[in-house]
Visitor: 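Shown below is the structure under consideration.
Quick note: numbers below take in every heavy atom, side chains included, and nothing from hydrogens, waters or symmetry partners. Below, chains carry the letters A, B, ... as their sequence lines are ordered, and counting in each starts from 1.
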Amino acid sequence: MPKRSNYLLPTLREAPADAEALSHKLMVRAGLIRQLGSGLYTYLPAGYRSIKRTEAIIREEMDAIGAHEMLMPVIQPIELWRRTGRDTISELFRLSDRKGAEMVLAMTHEENLTFHIAAEVRSYRELPLLLYHLQTKGRDEPRPRAGVLRTREFTMKDAYSFDRDEAGLEASYARNMAAYERIFDRAGLRWYKVESDVGMMGGSGAHEYMAPCPAGENEIALAPDYAANVEIASARAVRVELPPELDAPHEQPTPALTTVSDVAQALGVPTGALIKAMPVVVEGRGMVLALVRGDHRLNEIKLRNRLGADFRPAHREEIEAEFGPVGFIGPVGLDAKMPILLDEAIRPGCYVSGANKLDTHLIGVHPGRDFSFEPADIRCVEAGDLTAAGHPIVIEPAIEIGNIFKLGTRYSAPLGATFLDENGVEKPIVMGSYGIGPARIVAASIEQFADQIGISWPRALAPFDVHLVGLGKPGDPVSAAAEAAYLELTAAGLEVLYDDRANAGAGEKLTDAELLGCPLRLTIGKRGLAEGVAEARTRRDGADASLSLDGLGAAALARLDGVA
RNA sequence: CGGGGUGUAGCGCAGCCUGGUAGCGCGUUUCGUUUGGGACGAAAAGGUCCUCGGUUCGAAUCCGGGCACCCCGACCA
């Protein structure tokens, strides 16, 4: 176990100027990481200890569900990626070897493993399989950020399941889910499992594991009976007060009023009484008009999923050709020209919409009567919306610490991973993939539990169980007692960092211990030595106690047992 | 890829507008005094001022190109 006097733990009194997120600042200040380049971080010894502890938990729980660890290369021939069509992903790092052959740095390992499974697995008798590895991933992120939270190179635990059918996949999925819940619980995190978009992984279903924290780059919608990424979340909108019914739409002059809030204010109606019209162009299909309530935002992921195709916002010229002046467009009269999707939050009633005429809106527009539409759920949920059971939703920022995907045959089909069933029929293997980012677990833990004075580790992730602070000078009895304590703690099986520095003051050592945030700090000083005790302070609750130097190892272990 | 910002000693920053031998705090080294919350005194080391070019007698400073890094947005298996 290390002594601080010859351990690389460069703590800083101030955070580097370019750090913004709390976990980033603290990891640098506590001497856990240093930056090499944008999105590229070195783990110094103490930081790497936490990473390894996290990885150990992951290994134990993956092994416990019968997954088998292996190891696959980071550098791969691009050919495999061509076969799955992932060679065009812009985040893919590309390189070439001395012969000019094109290679990539793997961003995940579906191609790699499926390639082997295709070659080695022939029969239903060999399935199911569940394999994983912990390996470096490369991603040419457009924007790395927040220290270790979003980097261009990082280690990921990725597991892959291979089953003969959907039912098998469901079972594999459930096993991984159970392992994940144990992993995040053991790591001491606050976390949620949320429904998520399948994104570019493809496949039929996905969940994300989210750790709420201020630096999170995702938003999750939460209620007692609900948890989903806002990318796909659905809820009942808060009702709005609508203007009185009219027999037919009436034109209303709205000179130069092009925004929802301006129009609402001028007409004396809530913004929710307006219909916001967003024309989009679907590749190869033409224009579609998406309508959401004036106080809502269009959810592009939900709209894409609903359309089943990518789309782009219509250009100004396209809008002017089909509708009228930008800022005054609406659905009335357009239902013959293009499909209209009306968000479900727009309840029956009379609304205000653009009149497709300069400086003019329509009041008394009744969907269904004044234009035809298809109902759709295409808006972003908002805080205060209600779940099916009537609970209000809150929205929290969170960091994605793990995800699980039902891949189906997304990779097995293009890579020819098939098997013969009992009837001799060749079928594609049904796959799932399951990822966890150990560095994000570490950073999320710091985000969730740090306080004014520094990190506050859960015991499971702390670089050391005990931070032993010796306040004596070389050669004095205090120093000798600290050295003895160090030996005894180590012998008791504790992971201990001993601050034996002769050139650091008491305040410096104690402050450093608080910054690094190990669960138990033991101080050996003149004061305690006179009583034959070490002074113990637990980091999470700040509680002090005196532990007899005689039998210190057992006493420290007992003290730690009371800590998270 | 759009917008904003930064680059000067290990870290944090000033100096730049108005060109004239590069500074402050912390840290580091040595000596002494201290020794339970970053202590005091004395001495010292440490910088191609991101880079390339231009203007000028003279450039950290003015002008132009490039690079790197950070923040917001887009993007994010």
Side-chain angles (χ1 to χ4, degrees), chain A residues 10-21 24-25 28-29 31 34-41 81 84-93 104-111 137-147 149-152 154 156 158 160 196-203 206 208 215-218 229 231 300-301 310 312-313 399-400 402-405 407 410-411 432-437 440 453 469-474 476 478-479 482 499 501-515 521 523-530 534-535 537 544:
Chain A
T11 54
L12 299 173
R13 207 190 290 224
E14 297 171 89
D18 55 13
E20 198 76 11
H24 184 190
K25 288 180 182 166
V28 174
R29 283 190 56 207
R34 285 295 183 267
Q35 183 172 27
L36 183 64
S38 180
L40 301 170
Y41 282 87
W81 294 72
T84 58
R86 293 212 298 171
D87 59 316
T88 56
I89 292 173
S90 53
E91 281 78 22
L92 195 60
F93 265 115
V104 302
L105 298 185
M107 49 198 301
T108 60
H109 283 75
E110 278 84 2
E111 280 82 358
K137 310 293 176 216
R139 290 190 194 175
D140 193 0
E141 290 288 349
R143 190 176 156 213
R145 79 181 114 197
L149 281 183
R150 182 159 215 96
T151 52
R152 295 195 292 174
F154 61 98
M156 177 162 126
D158 40 327
Y160 304 93
S196 73
D197 185 52
V198 294
M200 71 168 145
M201 289 295 291
E208 288 166 340
E217 42 183 19
N218 293 97
N229 194 316
E231 289 176 350
E300 298 187 5
I301 290 171
D310 281 329
R312 62 167 170 83
I399 183 72
E400 181 185 352
N403 57 32
I404 55 180
F405 288 93
L407 294 176
R410 165 71 181 82
Y411 295 89
S433 79
Y434 315 89
I436 291 183
R440 283 186 170 184
I453 55 178
V469 176
L471 293 182
K473 280 190 295 191
D476 72 5
V478 173
S479 225
D499 193 344
R501 289 175 296 173
N503 59 339
E508 188 175 353
K509 292 180 180 180
L510 295 169
T511 309
D512 258 11
E514 280 150 358
L515 174 61
R521 185 181 82 193
T523 307
I524 311 286
K526 251 190 333 218
R527 247 162 27 196
L529 189 58
E535 295 156 60
R537 176 174 291 182
D544 288 321

Visitor: Output yes when A:Glu91 and A:Arg152 qualify as a salt bridge under the 4.0 Å nitrogen-oxygen rule, no when they do not.
Guide: no

Visitor: Using Watson-Crick or G-U wobble geometry with both distances below 3.5 Å, tell me the partner of B:G23, or none.
Guide: B:C13

Visitor: State plainly whether the residues A:Glu20 and A:Lys25 are in salt-bridge range, i.e. N to O under 4.0 Å.
Guide: no

Visitor: How far does the C1' atom of B:C71 sit from the matching atom of B:C31, given to the nearest Å?
Guide: 46 Å

Visitor: Using only side-chain N and O atoms of A:Thr523, determine if any of them is under 4.0 Å from OP1 or OP2 of B:G36.
Guide: no

Visitor: Taking the same atom, P, in B:C11 and in B:U51, what whole-Å distance lies between them?
Guide: 15 Å

Visitor: Which value, in whole Å, describes the distance between the P atoms of nucleotides B:A60 and B:C50?
Guide: 10 Å

Visitor: May I ask you to say what A:Glu514 touches in the nucleic acid, namely base, sugar-phosphate or nothing, with a heavy-atom cut-off under 4.0 Å?
Guide: base

Visitor: Rounding to the closest angstrom, what is the interatomic distance between B:G37 and B:U30 at atom P?
Guide: 25 Å

Visitor: Are A:Asp512 and A:Arg29 close enough for a salt bridge, meaning some N to O gap below 4.0 Å?
Guide: no

Visitor: Going by an N to O cut-off under 4.0 Å, is there a salt bridge joining A:Glu514 and A:Arg521?
Guide: yes

Visitor: Over all strands shown, is A:Ala502 touching base, sugar-phosphate only, or nothing at heavy-atom distances under 4.0 angstrom?
Guide: nothing

Visitor: Which part of the nucleic acid, if any, lies within contact of A:Arg537, taking any heavy atom under 4.0 Å across all strands shown: a base, the sugar-phosphate backbone alone, or nothing?
Guide: base

Visitor: Contact class for A:Gly505 vs. all strands (heavy atom < 4.0 Å): base, sugar-phosphate, or nothing?
Guide: nothing

Visitor: How would you label the contact of A:Leu12 with the nucleic acid (heavy atoms, under 4.0 Å): base, sugar-phosphate, or nothing?
Guide: nothing

Visitor: Taking CG from A:Asp544 and C1' from B:G37, how many angstroms apart are they, rounded to a whole number?
Guide: 13 Å

Visitor: Taking the basic N atoms (NZ, or NE/NH1/NH2) and the acidic carboxylate oxygens, is any pair closer than 4.0 Å for A:Lys526 and A:Asp476?
Guide: no

Visitor: Hey, does A:Arg501 reach any base, or is it just sugar-phosphate, or nothing, if we go heavy atoms under 4.0 Å?
Guide: nothing

Visitor: If we take the P atom in both B:U21 and B:C67, what is their distance in whole Å?
Guide: 33 Å

Visitor: Determine the interatomic distance between C1' on B:G4 and the same-named atom on B:C24; round to the nearest Å.
Guide: 29 Å

Visitor: Taking the P atom in each of B:C76 and B:C17, what is the distance between them to the nearest angstrom?
Guide: 45 Å

Visitor: If I pick the C1' atom on B:G5 and the same atom on B:A9, what distance separates them, to the nearest angstrom?
Guide: 23 Å

Visitor: Name the pairing partner of B:G41, where a pair is Watson-Crick or G-U wobble with both distances under 3.5 Å, or state none.
Guide: B:C31

Visitor: Could you check whether A:Glu535 gets within reach of a base, just the sugar-phosphate, or nothing at all, counting any heavy atom under 4.0 Å?
Guide: base

